[in-house]
Amino acid sequence: MTGFSINWLDLREAADRRAREDKLLEQAKHWLKTHNTQGTARTAVDLGAGTGSTLRAFSTSSSQAIDRESLSWRLVDQDAKLLTEARRRHGGSHRLETHELDLTDIAALPLKGAHLITASALFDLVSADFIETLVGALQSQSQQQPVGFYAALNYDGATRWTPAHPLDEAVLIAFNHDQQRDKGFGVALGPDAGPYMERVFNRSGFRVFTANSPWEMDGTDSNLVNALITGIGDAVAGDPALDVASLQDWIQFRKAHILTGTCIVGHTDLLALPNAI
Ligand SMILES: C[S@@+](CC[C@H](N)C(=O)[O-])C[C@H]1O[C@@H](n2cnc3c(N)ncnc32)[C@H](O)[C@@H]1O
């Protein structure tokens, strides 16, 4: 079990959708639409797909819209319950396969023949080794058929609240420390994931495009902000730099200002396209 509930993924999806940087998303769709050397059908593989949030983001209408018959999705996740929900939501409307797999076994991933690999809210969970191995696999695959890579919503370590509280910075430091806890891939990159991916793709023969994609939340996102405060509180509880009473005070203060305050959580989106095309 990974601990990502359908409820949590649903709760964050509206903020994720607003946050995704539109130009990069359109560029990723354009790549998928135009870089296909083998006929008309395209294949996208979404890693850590959850209930299909990336598929939904790619399905919104735009000048780069790809008709559903021309695009096959392979959704990969280790959580069978999330994949069942993805099939329930999209099995009748999209060309869709689900693959219940642990991403750490990169050799077993269904990447063959893919035109674009996608992910969202995944790469801050992974390790440096995972990125090195995955990029190596995409680099060799691109020698046969070019494969692009689009990873949205990589947490960048910045969280800003209004109104301010004296413990904000200490809580953020503790939270960012927790972001590096092993999430099943080895020591997680957490906020370093975006810059790390950028470096590895750059030196592996890809053109890399990045953009900021912050969650910008106010009282209209009260359920998400409430869950975020609880999640941060749980993640940092026990950190030696925070005493229990001060942390409780911070949580109470933050919850008291959910409707009137604001919260910005920094993310970056990244698109990497093989050079030789
Ligand atoms: C934060 S959720 C994001 C889900 C989805 N991409 C979205 O944006 O709504 C991370 C996803 O990665 C999956 N995941 C985490 N570790 C995994 C692993 N080792 N193998 C396969 N899936 C994994 C989880 O089950 C979860 O669905």
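All ligand and atom numbering here is 1-based and tracks the order in the structure. Keep in mind that the numbers below use all heavy atoms, side chains included, and drop hydrogens, waters and symmetry copies. From a predicted model like this one, the values you see are computed outputs, not experimental measurements.
In this structure, the side chain of D269 engages the main chain of E21 through a donor-acceptor pair within 3.5 Å. The closest donor-acceptor contact from the side chain of D249 to the backbone of A245 lies at 3.5 Å or more, if one exists at all. In this structure, the side chain of R74 engages the main chain of P110 through a donor-acceptor pair within 3.5 Å. The closest donor-acceptor contact from the side chain of D77 to the backbone of A80 lies at 3.5 Å or more, if one exists at all. Looking at E216, its side chain never comes within 3.5 Å of a backbone N or O of A19 through a donor-acceptor pair.
Checked by distance only, ligand 1 and D46 stay at 3.5 Å or farther apart across all their nitrogen or oxygen atoms. The shortest N or O to N or O distance between L103 and ligand 1 is under 3.5 Å. Looking at ligand 1, you won't find any N or O of D16 less than 3.5 Å from one of its N or O atoms. Between D102 and ligand 1, at least one N/O pair is under 3.5 Å apart. Taking distance alone, with nitrogen or oxygen atoms compared against 3.5 Å, G48 approaches ligand 1 more closely than that limit. For the pair T104 and ligand 1, the shortest N or O to N or O distance does not fall below 3.5 Å.
The part of S53 lying near ligand 1 is the side chain, judged by heavy-atom distances below 4.0 Å. Under 4.0 Å from ligand 1, not a single heavy atom of T54 appears. Of the heavy atoms in A119, none comes closer than 4.0 Å to ligand 1.
Looking at D77, D79, T51, L47, it is D77 that brings a heavy atom closest to atom 24 (C) of ligand 1.
Within the listing of ligand 1, atoms 5 (C), 6 (N) sit less than 4.0 angstrom from a heavy atom of A49. Taking every non-hydrogen atom of F185 and a distance limit under 4.0 Å, the qualifying atoms of ligand 1 come out as 16 (N), 17 (C), 18 (C), 19 (N). Listed by number with element, the atoms of ligand 1 under 4.0 Å from a non-hydrogen atom of L122 are 12 (O). Within the listing of ligand 1, atoms 25 (O), 27 (O) sit less than 4.0 angstrom from a heavy atom of L82.
The closest approach between any non-hydrogen atom of W8 and ligand 1 is not below 4.0 Å. Residue contact check for ligand 1: G184 places no non-hydrogen atom closer than 4.0 Å to it. At a 4.0 Å cut-off, at least one heavy atom of L101 sits close enough to ligand 1 to count as contact.
You'll find the side chain of L103 reaches within 4.5 Å of the side chain of L122, heavy atoms only. Here the side chains of P274 and W31 are in contact, with some heavy-atom distance below 4.5 Å. Looking only at side-chain heavy atoms (C-beta outward), L138 and F149 come within less than 4.5 Å of each other.
In summary, of the residues considered (H257, M217, R254), a side-chain contact (heavy atoms from CB on, under 4.5 Å) with V225 occurs for M217 alone. The only option from L228, I229, D234 that meets the side-chain contact (heavy atoms from CB on, under 4.5 Å) definition with I232 turns out to be L228.
F123 and F130 have tilted rings, their planes meeting at an angle from 30° to 60° on a 0 to 90° scale.
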